[in-house]
Amino acid sequence: MKIDRLIGILSILLQKDTVTAPYLARHFEVSRRTINRDIEDLCRAGIPIVTRQGSGGGIAIMENYRMERTLLTTREMQDILAGLRSLDSINGTNRYGQLMEKLSTGSSDFMSGGQSVLIDLSSWYKDALAPRIEQIRHAIDNCLELEFIYYSPSGESARTIEPYYLIFRWSSWYVWGWCKTREDFRLFKLNRMDKLQISDLSFVKRPVPLPDLKTERIFPGGIRVKALFSAECKWRLVEEFGINCFTRQEDGKLLFHADYTHKENLVTWLLTFRDQVELLEPIEIREELQAALINTLKIYAHNNP
């Protein structure tokens with residue numbers, strides 16, 4: 001697009017003393033005549049561009065405009081690129097990387113592997129998430145309602161929402177919108193959606209409060225967990241809860257303390273440790289877990305089918 005090229009040309013001129021029209025033509029894969037027209041458009045827009053003929057000549061921004069050259073430092077450009085590449089990791093394209101290249105000079109360190117931050121937002125559900133994200137973005141941009149089936153702990157239900165924000169938080173993607181069923185703003189997890197489709201109905205944007213994404217707001221806790229883990233589990237406890245979540249006992253076992261939000265999630269998490277953990281508290285969940293394990297043992301006590 002022309003606007004992308006104009007922004008790219010301006011970025012190059014802000015970072016280089018002088019460039020030639022053939023250089024810009026090669027960089028943006030257009031003709032020299034197109035570059036000349038672009039330079040004229042930038043001049044009409046008020047950018048003080050000068051051209052010099054002959055050896056050592058070329059295209060440059062007037063000297064007294066040089067102060068604007070520090071608009072973005074190399075470190076800032078690296079951070080922008082890391083963010084743009086993280087968006088590419090969602091859908092497997094190079095759309096945002098190409099956009100960054102249009103803003104670069106083509107020779108800076110951050111375009112040649114010099115960047116030190118790489119962010120990958122993709123997941124095991126990448127193939128399913130990418131089209132959903134594109135659908136939701138289209139609906140947001142065009143003020144179109146979204147319809148889908150939503151699965152939650154209380155069951156499944158058909159929802160229609162006015163979408164306003166796509167959010168990446170807690171290693172998952174969410175959409176924030178006005179739910180017509182609940183008549184209130186709600187946060188919906190993309191992985192729990194099914195049969196997502198864009199409605200033909202448009203909506204008029206309403207005042208939108210930003211979602212309260214504080215961890216204690218979404219995951220209020222309330223279950224005080226005390227459990228005894230074998231020493232082999234230390235790496236997982238450190239990874240998931242931090243180094244201060246347990247104390248080492250004389251026999252080498254790890255006494256774990258933490259707040260947990262959801263009982264079923266707690267039970268599921270404990271079961272992933274098999275026989276390397278014993279839940280001590282809460283007592284009522286310990287009793288439920290014990291009963292569940294007895295019933296599970298009955299299932300596996302039969303001879304192999």
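Computation of the quantities below employed the complete heavy-atom set of this structure, encompassing side-chain atoms and omitting hydrogens, waters and symmetry-equivalent molecules. Each residue takes its place number in the sequence, starting with 1.
- Other members of the hydrophobic cluster containing L228, listed by chain and number, are L255, L280; membership follows side-chain contacts under 4.5 Å among ILVMFWY residues, whether direct or relayed.
- Counting heavy atoms from C-beta outward, T247 and L254 have side chains that stay 4.5 Å or more apart.
- Residues A231 and G252 share a closest heavy-atom pair of CB-O, 3.5 Å.
- Considering CD of E134 and CD1 of I198, their distance stands at 10.0 Å, rounded to 0.5 Å.
- By the side chain to side chain donor-acceptor pair (under 3.5 Å) test, E281 pairs with no residue at all, sequence neighbours left out.
- Heavy-atom contacts from other residues, nucleotides or ligands closer than 6.0 Å to CD of E183 number 12 or fewer.
- With rounding to the nearest 0.5 angstrom, the OG1 atom of T34 is 11.5 Å from the CD1 atom of I39.
- For the atom pair CD1 of I59 and OG1 of T18, the computed distance is 9.5 Å after rounding to the nearest 0.5 Å.
- Judged as a salt bridge (charged side-chain N to carboxylate O under 4.0 Å, His left out), the pairs with a partner in residues 237-253 (not counting sequence neighbours) are, in order, R236-E240.
- A distance of 7.0 Å separates CG in L201 from CD in E147, rounded to the nearest 0.5 Å.
- With a 6.0 Å radius and a threshold of 12 heavy atoms from other residues, nucleotides or ligands, Q290 has its CD atom at or below the threshold.
- Residues I285 and I283 are members of separate hydrophobic clusters, defined by side-chain heavy-atom contacts under 4.5 angstrom among Ile, Leu, Val, Met, Phe, Trp and Tyr.
- Residues passing the side chain to side chain donor-acceptor pair (under 3.5 Å) test with E288 are K263, sequence neighbours excluded.
- Residues meeting the side chain to side chain donor-acceptor pair (under 3.5 Å) test with D141, sequence neighbours left out: none.
- Applying the salt bridge (charged side-chain N to carboxylate O under 4.0 Å, His left out) test to R37 and every residue at least two apart in sequence or in another chain returns nothing.
- When ring centroids are compared, F256 and F246 stay outside the 6.0 Å threshold.
- The side chain to side chain donor-acceptor pair (under 3.5 Å) test applied to E145 returns K180, not counting sequence neighbours.
- Annotation: salt bridge (charged side-chain N to carboxylate O under 4.0 Å, His left out) contacts of R192 (sequence neighbours excluded): none.
- Applying the salt bridge (charged side-chain N to carboxylate O under 4.0 Å, His left out) test to residues at least two apart or on different chains, the pairs with a partner in residues 44-55 are D41-R44.
- Using a 4.5 Å heavy-atom threshold, the side chains of V225 and D259 count as separate.
- For the atom pair OH of Y165 and CD1 of I140, the computed distance is 9.5 Å after rounding to the nearest 0.5 Å.
- Here the closest non-hydrogen pair linking P209 and F185 is CD-CE1, 3.4 Å.
- Side-chain contact between H257 and C245 is absent, with no heavy-atom pair separated by less than 4.5 Å.
- Summarising the geometry, atom OG1 belonging to T20 is positioned 12.0 Å from atom NE2 belonging to H27; distances are rounded to the nearest 0.5 Å.
- Geometrically, R206 engages W178 in a cation-pi contact, judged by NZ or CZ lying under 6.0 Å from the ring centre and within 45° of the ring axis.
- For W269 and F241, the distance between ring centers is under 6.0 angstrom.
- Residue D200 places its CG atom among 12 or fewer non-hydrogen atoms of other residues, nucleotides or ligands, all under 6.0 Å distant.
- Inter-residue side-chain proximity for I167 and W173 is flagged as unmet; no heavy-atom pair is nearer than 4.5 Å.
- Nearest heavy-atom pair, A21 versus N36, reported as atom, atom and distance to 0.1 Å: CB-OD1, 4.2 Å.
- In this structure, the side chains of D38 and R5 come closer than 4.5 Å at one or more pairs of heavy atoms.
- Nearest heavy atom pair, residue Q197 against residue Q135, reads CA-NE2, 4.0 Å.
- Here Y151 sits in one hydrophobic cluster together with I149; the rule is ILVMFWY side chains under 4.5 Å apart, joined directly or through other members.
- I223 has its side chain within reach of P282: a pair of non-hydrogen atoms, C-beta onward, lies under 4.5 Å apart.
- V175 is not listed as a side-chain neighbour of R132, based on a closest heavy-atom distance of 4.5 Å or more.
- Between F229 and L270 there is a side-chain heavy-atom pair separated by less than 4.5 Å.
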Evaluate the side-chain contact (heavy atoms from CB on, under 4.5 Å) criterion for residues K195 and F148: first the C-alpha distance (whole Å), next the side-chain angles of each, then the deciding distance (0.1 Å), finally the verdict.
CA-CA 5 Å; K195 299 179 180 178; F148 53 89; 6.0 Å; no
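- Shown here are the ring pair (Phe, Tyr, Trp, His ring centres under 6.0 Å) partners of F203, two or more places apart in sequence or in another chain: Y164.
- Partners of C179 according to the side-chain contact (heavy atoms from CB on, under 4.5 Å) rule, which considers only residues two or more places apart in sequence or in another chain, are R159, I161, T181, R182, R186, F188.
- Tracing side-chain contacts under 4.5 Å through hydrophobic residues (I, L, V, M, F, W, Y), one never reaches V277 starting from I294; they form parts of separate clusters.
- Salt bridge R286/E278: present, at least one basic N to carboxylate O contact under 4.0 Å.
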